[in-house]
Amino acid sequence: MATTLLILLLIAIVVVFSVKNIRMQLITRPVFSFFKKVLPPLSNTEKEAMEAGDVWWEAELFKGKPNWQVLHSYGKPTLTSEEQDFIDNQVMTALTMIDDYDIVNERKDLPPELWEYFKKEGFFALIIPKKYGGKAFSAYANSTIVSKIASRSVSAAVTVMVPNSLGPGELLTHYGTTEQKDHWLPLLADGRAVPCFALTGPEAGSDAGAIPDTGVVCRQEFNGEETLGLKLNWNKRYITLAPVADVLGLAFQMSDPDGLLGDIKDIGITCALIPTDHQGVKIGRRHNPLNLAFMNGTTQGEDVFIPLDWIIGGPQYAGRGWRMLVECLSAGRGISLPALSTASGHMATKTTTAYSVVRQQFGLPIGQFEGVQEALARVIANTYQLEAARRLTTTGIDLKVKPSVVTAIAKYHMTELGRKVVDDAMDIQSGKGIQLGPKNYLGHGYMALPISITVEGANILTRSLMIFGQGATRCHPYVLAEMEAAAMEDTAAAIERFDALLLGHIGYATRNAFSAFGNALTGSRFSQSPVSGETKQYYKDMTRLSAGLAFMTDVSMLILGGDLKRKEMLSARLGDVLSQLYLGSATLKLFEDNGRQFDDLPAVRHAMATRLHLAAKALDEAIRNFPNRGVALLLRVLIFPFGNRFKDATDKQSIDLVEAMSKPSPARDRLTHLCPDFADDTSGIADVENAFIAKHACKGLYQKLKQAQKEGTLAKLPPLALFDAALEIAVITTEEHQQLVAADALRLAAINVDDFEKL
């Protein structure tokens, strides 16, 4: 009897879904009505942000069954010979001209010769096409250049990165008229015009779409003729390079109350380009961003008239400013700010691994204490993660996609990882890090951390609103198309379209539910992996969590509808799952790009354990806090039937990683290559690195001394007295004595800090 009922039930389900008229009546129409009812309302700026840009690898992660071969097919980011030559010559020369202590504490500005060198050598023209005198470098090269400069001076790096990210150069290149490009791009390329872009103001920060600054269409005399143009009023702040800018990019709300252009009164956000010496433009007072020296300030304008053809892209681009800005945010979010964070990681790893070897307490290098090893392992693993994410994100940008969700992930998580890296480095180097002076390489970077975290959208809002808010809709294979169908004016056509999508969506959700449950039961044993060896399981576990994320996203949208938009803690956790999967993908991709180097494995193990742990933790917490407790129970049974068993990196993984990186090695060189060595370094980095190399070279001699002390032939003495005593009883030779004395002199230089007669 039970079997018969089950068969009849299955037949009924098949009939309902396979017979279109029945399906339309019983399923499609009710679901369509429900979908329109719960569909979250979208503002115009949200709609434009949703439509702008492209989806990329993050869409694969959202499907529940990522095609890992696609990830591997993206190729390894490389520098052209021209880009490499620029880095080897112009960038290295610039580094020798940088004295960050002088820049920040004495001048409060870059020295004039560095400004001139940046302009003359094209540092402000990295993204400008060659036909206008620019470099037309790749995103990867742009990121590498900014990172190398940032390893020595955040103030200098910000000065270089701003003209090469969101601003007049990028907007003109993508949208400018022929006349605008021909006039402005050569001036920007050779430094005759320094640009800034004014978007944020006292009433519009992260909600840049709410800018109150206005541009009203009107007629006014301009250059002796009556001209159709705009009367502008603005008050902007936090504008980098504003105090020294020659040309101002301006975002404002454009309106046409008198109908001079047509029937539309409120035209929308528009961008224009204005010379700063134009009548009425005011460059205000300078800000002091956490005592750093890059130029940042205010600008205002009252009843400033400009002709319509000063709109970037010309009058036809009136009202299209927000979409232009969202599409171009990839440079700031995906290149510049992550470059600063990655540079912090490279510098922190280089100096902290060295310092933990040369700094001794209780008769041992501090790097041998497990408490220090725990923090140092995070520094190293997070730096590997930062480098991996930098490379994968710039790869996407260089493929000419505009991955808005990926760049939001990169901006939020890479700046947060940069903060964690420098925090841990400061804890380990302690007094060395807090005493500012010419030899302090950590202090200014530590002070700069909140700046990257607040610009291009505050991190809290990036996490809670953007990553999942855009990602769930843009990356989902059906939801955006269903929203478009629901918005169609022809109801009959809309239901037909929705019906086709709904069938696919049901199949998609069902597959992900079974995949999440099956992988949870089997430990992902039967999932596919594109590789063999130790990293194979990581791909399988990522697939399992991807399926869990995809299924929970569908359930959340179904149950919560428009309320999901307001459940910021829940959506932030779901965004964290997507973000950790993206970062994990980047780590695995870097391991492949490096040729599966065996000595990279300690960093990969630690980083991947962390990524999987954080992804699973976010998914677990999302289930635990799901508003509908019955649904939460179902989600837990399907996704974590045996509980969340993804654990963080183990103590052994931390110890192994630190030991592997506490000596000169190719792996350490690869992980610190953005922090270059050069003969004229005065930042203190060379001091600690030279001491590290010298101490490693004396490793055998220190073992001799230790053995002699164990045997009782040498007493425990201060270093120089110990070396003399060892020489006297022939434990070491004269040459070895000289080597030890020289190494100890380098050690003292490395651990000493600056002092001053008067501050």
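This is a predicted model, so every value here is computed, not measured.
- At a threshold of 4.0 Å, the pair Arg419-Glu416 counts as salt-bridged, since one of the basic side-chain nitrogens sits closer than that to a carboxylate oxygen.
- Panel note: side chain His673, backbone Arg670; a donor-acceptor pair is recorded below 3.5 Å.
- The residues Asp100 and Arg152 are annotated as not salt-bridged, no charged nitrogen and carboxylate oxygen being separated by less than 4.0 angstrom.
- Taking Phe118 as the reference, Phe123 meet the ring pair (Phe, Tyr, Trp, His ring centres under 6.0 Å) condition, with sequence neighbours excluded.
- The backbone N or O of Tyr238 sits less than 3.5 Å from a side-chain atom of Asn296, completing a donor-acceptor pair.
- Atom CG of Leu722 and atom CG of Leu740 lie 8.5 Å apart (nearest 0.5 Å).
- Checked for salt-bridge contact, Lys617 and Asp576 miss the test: no charged N lies under 4.0 Å from a carboxylate O.
- A heavy-atom distance below 4.5 Å is not found between the side chains of Pro338 and Leu386.
- Between Lys420 and Asp423, none of the side-chain N atoms (NZ, or NE/NH1/NH2) sits under 4.0 Å from a carboxylate O, so this pair counts as no salt bridge.
- Using a 4.5 Å heavy-atom threshold, the side chains of Leu337 and Met161 count as touching.
- Judged purely by atom type and a 3.5 angstrom limit, Ser452 has no side-chain atom pairing as donor or acceptor with the backbone of Leu449.
- A distance-only check finds no donor-acceptor pair linking the side chain of Ser654 to the backbone of Ala377 [under 3.5 Å].
- Residues Ile451 and Val154 have side chains not in contact (no heavy-atom distance under 4.5 Å, counting atoms from C-beta outward).
- Looking at heavy atoms from C-beta onward, Asp677 lies in side-chain contact with Glu689 at the 4.5 angstrom threshold.
- When the salt bridge (charged side-chain N to carboxylate O under 4.0 Å, His left out) test is applied to Arg611, no partner is found at least two apart in sequence or on another chain.
- Heavy-atom minimum distance, Asn752 versus Lys432: O-NZ, 3.0 Å.
- Checking Gln429 against Tyr441 by side-chain atom types alone, a donor-acceptor pair falls below 3.5 Å.
- A 6.0 Å sphere centred on CD of Glu370 holds no more than 12 heavy atoms belonging to other residues, nucleotides or ligands.
- Arg237 and Thr298 share no donor-acceptor pair across their side chains, judged by distance under 3.5 Å alone.
- Shown here for Ala381 and Ala603, the closest heavy-atom pair between the two residues is CB-O, 4.5 Å.
- Using a 4.0 Å cut-off between charged side-chain N and carboxylate O, Asp600 and Arg605 make no salt bridge.
- Using modelled atom types and a 3.5 Å distance limit, the side chains of Ser683 and Tyr101 yield no donor-acceptor pair.
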Would Ile98 and Leu114 satisfy side-chain contact (heavy atoms from CB on, under 4.5 Å), going step by step from the backbone distance to the final call? CA-CA 8 Å; Ile98 291 174; Leu114 186 57; 3.8 Å; yes
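- By the 6.0 Å contact criterion, CD1 on Ile460 is open, its count of non-hydrogen atoms from other residues, nucleotides or ligands being 12 or less.
- In plain terms, the two heavy atoms of Asp398 and Ala139 that are nearest each other are OD1-N, 2.6 Å.
- When the shell of 6.0 Å around CG of Asp754 is examined, it contains more than 12 heavy atoms from other residues, nucleotides or ligands.
- For the residue pair Ser579 / His413, a side-chain donor-acceptor distance below 3.5 Å is found, with atom types taken as modelled.
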side-chain hydrogen bond (donor to acceptor under 3.5 Å, both in side chains) between Thr342 and Arg390, intermediate numbers included: CA-CA 7 Å; Thr342 308; Arg390 180 182 81 91; 4.8 Å; no
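- For the pair Gln653 (side chain) and Thr650 (backbone), a donor-acceptor distance under 3.5 Å is present.
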May I have the step-by-step check of side-chain hydrogen bond (donor to acceptor under 3.5 Å, both in side chains) for Ser165 and Glu170, ending in yes or no? CA-CA 7 Å; Ser165 58; Glu170 187 174 16; over 6 Å; no
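- In this structure, the separation between CG on Asp744 and CZ on Arg747 is 4.0 Å, given to the nearest 0.5 Å.
- The distance from atom CG of Leu746 to atom NZ of Lys695, rounded to the nearest 0.5 Å, is 12.5 Å.
- For Phe137, the ring pair (Phe, Tyr, Trp, His ring centres under 6.0 Å) test picks out Phe86, with sequence neighbours left out.
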For Met295 and Thr240, what are the C-alpha separation, side-chain angles and deciding distance, and is it a side-chain contact (heavy atoms from CB on, under 4.5 Å)? CA-CA 6 Å; Met295 291 292 169; Thr240 301; 5.9 Å; no
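- In this structure, OG1 on Thr159 lies 6.5 Å from CZ on Phe124, to the nearest 0.5 angstrom.
- In this structure, CG on Asp648 lies 7.0 Å from NE2 on His606, to the nearest 0.5 angstrom.
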Please determine whether salt bridge (charged side-chain N to carboxylate O under 4.0 Å, His left out) holds for the pair Arg286 and Asp109, giving the CA-CA distance in whole Å, both sets of side-chain angles, and the decisive distance to 0.1 Å. CA-CA 12 Å; Arg286 186 177 168 184; Asp109 190 7; 5.6 Å; no
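- Formation of a donor-acceptor pair under 3.5 Å by the Thr672 side chain with backbone atoms of Cys675 is not found in this model.
- The OH atom of Tyr538 lies 8.0 Å from the CG atom of Leu612; values are rounded to the nearest 0.5 Å.
- Ile103 has its side chain within reach of Pro111: a pair of non-hydrogen atoms, C-beta onward, lies under 4.5 Å apart.
- Side-chain atoms of Arg333 do not come within 3.5 Å of backbone N or O of Ala410 as any donor-acceptor pair.
- The side-chain heavy atoms of Arg391 and Asn594, taken from C-beta on, include a pair separated by under 4.5 Å.
- Remark: side-chain polar atoms of Ser344 are not paired, donor with acceptor, to backbone N or O of Gly418 under 3.5 angstrom.
- Lys350 and Thr353 get closest at one heavy-atom pair: O-OG1, 3.3 Å.
- For the pair Met347 and Leu442, the minimum side-chain heavy-atom distance is below 4.5 Å.
- When atom types are taken as modelled, the side chain of Thr352 and the backbone of Thr349 share no donor-acceptor pair closer than 3.5 angstrom.
- For His346 (side chain) and Leu674 (main-chain N/O), a donor-acceptor pair under 3.5 Å exists by modelled atom type.
- Here the closest heavy-atom approach between residue Ala198 and residue Thr299 is recorded as CB-CG2, 4.0 Å.
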Show your working on side-chain contact (heavy atoms from CB on, under 4.5 Å) between Arg596 and Thr535 and close with a plain yes or no. CA-CA 10 Å; Arg596 299 176 64 83; Thr535 58; 3.7 Å; yes
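- Closest of all the heavy-atom pairs between Pro438 and Phe756 is CD-CZ, 4.2 Å.
- Ionic pairing of Asp593 and Lys589 is present here: one or more N-O contacts between side-chain nitrogen and carboxylate oxygen are shorter than 4.0 angstrom.
- One finds a salt bridge joining Asp424 and Arg378 here, because a Lys/Arg side-chain nitrogen approaches an Asp/Glu carboxylate oxygen to under 4.0 Å.
- Side-chain atoms of Ser138 and Glu83, non-hydrogen and from C-beta on, do get closer than 4.5 Å to each other.
- Between Gln385 and Thr587, the side chains place a donor N or O and an acceptor N or O closer than 3.5 Å (distance only, hydrogens not considered).
- For Thr454 and Asn459, the side-chain atoms include no donor-acceptor pair closer than 3.5 Å.
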